[in-house]
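Worksheet: one structure, shown below.
In this text the structure is predicted, and so the values were computed from the model without any measurement. In this chain, residues are counted from 1 in sequence order.
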Amino acid sequence: MYIYPPSPHASNPDPKLSRLLKSTPSVLPSHPFHTFSFLLLPIHTFCNGPTSSVMATCVENCRAKAPFCKYVIDISQPDLLHRSDCAVPSDDSSEVSGGADVWAKIKEEARSDAEEEPVLRNYYSDLILSHNSLESALSAHLASKLSLPNLVPTSSLQELFASIFAKVPEIGRVVRADLRAARDRDPACAKMVHCFLYYKGFLALQAHRVAHRLWAEGRTAAALLLQSRTSEAFAVDIHPAARIGAGVLLDHATGVVIGETAVVGDGVSILHGVTLGGTGKESGDRHPKIGDGVLVGAGTQILGNVEVGEGAKIGAGSVVLRAVPPRTTAVGNPARLVGGKESPVRLEGRAGSTMDHTSWSDYVI
């Protein structure tokens, strides 16, 4: 989960807090359900006071506790935004980026596929084996998918992606978590290299992560370009301001729509045809907040600023207009809790990890 710059819909925070926010990277862990929209941080974990001054003190205290603090990690990086070389890490040994295991496995799988299918040798070489890091390969792959001939050349987009990956290494860790999520939760994903090359949900999500960083930096035109091209190329429409955690699976992904003020937690699984939308013309914080480990079934519509609690399950085709408690199952149109509102059936594990779509035998229409 992430910490972000102040929301345009939020009130002015304390000046001390503003200074801290300006010095805090925008891809740091946070919590989606804190009532202060300008700082998504579980402040109750570290202090008892609700004021912004106390919150600012808590941020400072959390930095002092790193790396043991779950939600605040201070990653100081040089300003690479305007560098022309846009260098990405030369290898995958960085602790911040998640280590070498995922990239090494992808290269191993690529070599295996190339040996089995000689026709793919050049393809795998260009997209994977010729690169020295996952970030480098991903920059090139996304650029080739999203470029516009004679308008937005591949080289320019590749440089843009590479600059963001280099500036914010934490994105690399999140990318690796997304790859592991596909491997672990999608029985059709035999190899991570296939997810990297072919799964449009994964690719759309990584394009969004870059677009979100651009949006947070005030580069809204570039962010909206990436959103538009991602929607056209992958049929996935995620507003650049939407906050999305790590280890997220967009399974099949066609028709997924995620609105501007939506928040999606860590370990969430979302199937095709899902909308996390508003309810009309109102502005401000108007989109759903999806907790960690939630499973959202195909064709589900979750509308308005409602919370879906940690580990909950939303059945396919449901229309959710009210909050769903943690570790419960909601199905139907309008969605109702399995077991009833007073004593809903509680799930033992997080539905986003178990991927169990159908175990609600006591539901009565």
Side-chain angles (χ1 to χ4, degrees), residues 87-147 154 157-158 161-162 164-166 168-210 230 233-236 244-254 256 266-272 352-355:
V88 297
S90 59
D91 56 50
D92 261 352
S93 60
S94 169
E95 257 183 49
V96 173
S97 66
D101 56 331
V102 170
W103 178 235
K105 185 63 176 176
I106 287 176
K107 290 194 294 183
E108 176 187 327
E109 293 169 348
R111 293 188 187 98
S112 175
D113 280 2
E115 290 176 3
E116 292 177 5
E117 292 289 348
V119 70
L120 296 177
R121 285 177 182 169
N122 289 339
Y123 181 70
Y124 276 97
S125 177
D126 288 346
L127 291 179
I128 296 175
L129 298 177
S130 64
H131 295 275
N132 54 22
S133 71
L134 178 58
E135 288 80 0
S136 172
L138 185 57
S139 296
H141 191 26
L142 287 175
S144 68
K145 292 285 188 181
L146 302 180
S147 61
T154 301
L157 272 187
Q158 184 173 348
F161 284 117
I164 296 300
F165 290 142
V168 192
E170 176 68 8
I171 294 179
R173 182 195 66 82
V174 178
V175 171
R176 288 160 174 79
D178 294 342
L179 285 165
R180 292 190 186 98
R183 177 197 63 192
D184 295 341
R185 297 180 219 155
D186 184 356
C189 183
K191 298 179 179 181
M192 282 191 289
V193 69
H194 297 163
C195 176
F196 177 87
L197 291 174
Y198 309 128
Y199 283 31
K200 63 182 182 178
F202 167 78
L203 294 172
L205 193 52
Q206 308 326 312
H208 165 74
R209 298 195 188 286
V210 174
T230 299
F234 303 127
V236 176
I244 300 181
V248 172
L249 171 63
L250 299 184
D251 196 0
H252 300 291
T254 302
V256 168
D266 296 333
V268 171
S269 297
I270 297 175
L271 274 82
H272 49 285
S353 298
T354 65
M355 299 296 288

Hey, what do you get for [atom1] ([X]) to [atom2] ([Y]), rounding to the nearest 0.5 Å?
X	Y	atom1	atom2	value
Ser139	Leu134	OG	CG	9.0 Å
Gln206	Leu138	CD	CG	6.0 Å
Asp126	Leu120	CG	CG	12.0 Å
His141	Leu146	NE2	CG	9.5 Å

Considering all heavy atoms of both residues, which atom of [X] and which atom of [Y] are nearest to each other, and what is their separation?
X	Y	answer
Ser269	Met355	OG-SD, 3.3 Å
Gly172	Arg176	O-NH1, 2.9 Å
Ala181	Gly247	CB-O, 3.6 Å
Ser144	Thr154	N-CG2, 3.9 Å
Asp266	Gly245	OD1-CA, 3.3 Å
Phe161	Val210	CD2-CG2, 3.5 Å

- Test Trp103 against His131 for side chain to side chain contact (heavy atoms under 4.5 Å, CB included), laying out the working first. CA-CA 10 Å; Trp103 178 235; His131 295 275; 4.3 Å; yes
For residues [X] and [Y], determine if any side-chain heavy atom of one lies less than 4.5 Å from a side-chain heavy atom of the other.
X	Y	value
Val168	Arg209	no
Asp178	Tyr199	no
Tyr124	Leu197	yes
Leu179	Lys105	no

- Message: Let's go through Glu108 and Ser112 carefully: what are the C-alpha distance in whole Å and the side-chain angles of both, what is the deciding distance for side chain to side chain contact (heavy atoms under 4.5 Å, CB included) to 0.1 Å, and is it a yes or a no?
- Response: CA-CA 6 Å; Glu108 176 187 327; Ser112 175; 5.9 Å; no
- Query: Salt bridge or not for Arg173 and Glu170, using N-O below 4.0 Å?
  - Reply: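 Yes, this pair counts.
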- Query: Is there a side chain to side chain contact (heavy atoms under 4.5 Å, CB included) between Val236 and His208 once you walk through the steps?
  - Reply: CA-CA 10 Å; Val236 176; His208 165 74; over 6 Å; no
- Tell me, please, which residues at least two apart from His194 pass ring-ring contact (aromatic ring centres under 6.0 Å, His included).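 For His194 there are no ring-ring contact (aromatic ring centres under 6.0 Å, His included) partners, ignoring immediate neighbours.
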- Item | Mutual orientation of the aromatic rings belonging to His252 and His272 [parallel < 30°, tilted 30-60°, perpendicular > 60°] |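 Because their plane-to-plane angle is over 60°, the rings of His252 and His272 count as perpendicular.
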- Apply the side-chain contact (heavy atoms from CB on, under 4.5 Å) test between Phe234 and each candidate in Val256, Leu250, Leu203, Thr254; give the one that qualifies.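 With Phe234 as partner, side-chain contact (heavy atoms from CB on, under 4.5 Å) holds for just one option, Leu203.
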- Message: My understanding is that only one of Leu249, Val175, Asp101 makes a side-chain contact (heavy atoms from CB on, under 4.5 Å) with Arg180; could you say which?
- Response: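 Going through Leu249, Val175, Asp101 one by one, the side-chain contact (heavy atoms from CB on, under 4.5 Å) with Arg180 is satisfied by Asp101 alone.
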- Output yes when a side-chain donor or acceptor of Ser125 lies under 3.5 Å from a complementary backbone atom of Ser130, and no otherwise.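 Checked: no pair found.
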- Quick one: does Glu109's side chain have a donor or acceptor within less than 3.5 Å of a partner on Val193's backbone?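 Pair found, side chain donor or acceptor close to backbone of Val193.
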- Query: Taking atom NZ of Lys145 as the centre, does the number of heavy atoms from other residues, nucleotides or ligands within less than 6.0 Å exceed 12?
  - Reply: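 No - once you tally the heavy atoms of other residues, nucleotides and ligands closer than 6.0 Å, there are 12 at most.
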- Should Leu129 and Arg111 be marked as a side chain to side chain contact (heavy atoms under 4.5 Å, CB included) after you check the CA-CA gap, both sets of side-chain angles, and the distance that decides it? CA-CA 8 Å; Leu129 298 177; Arg111 293 188 187 98; 3.8 Å; yes
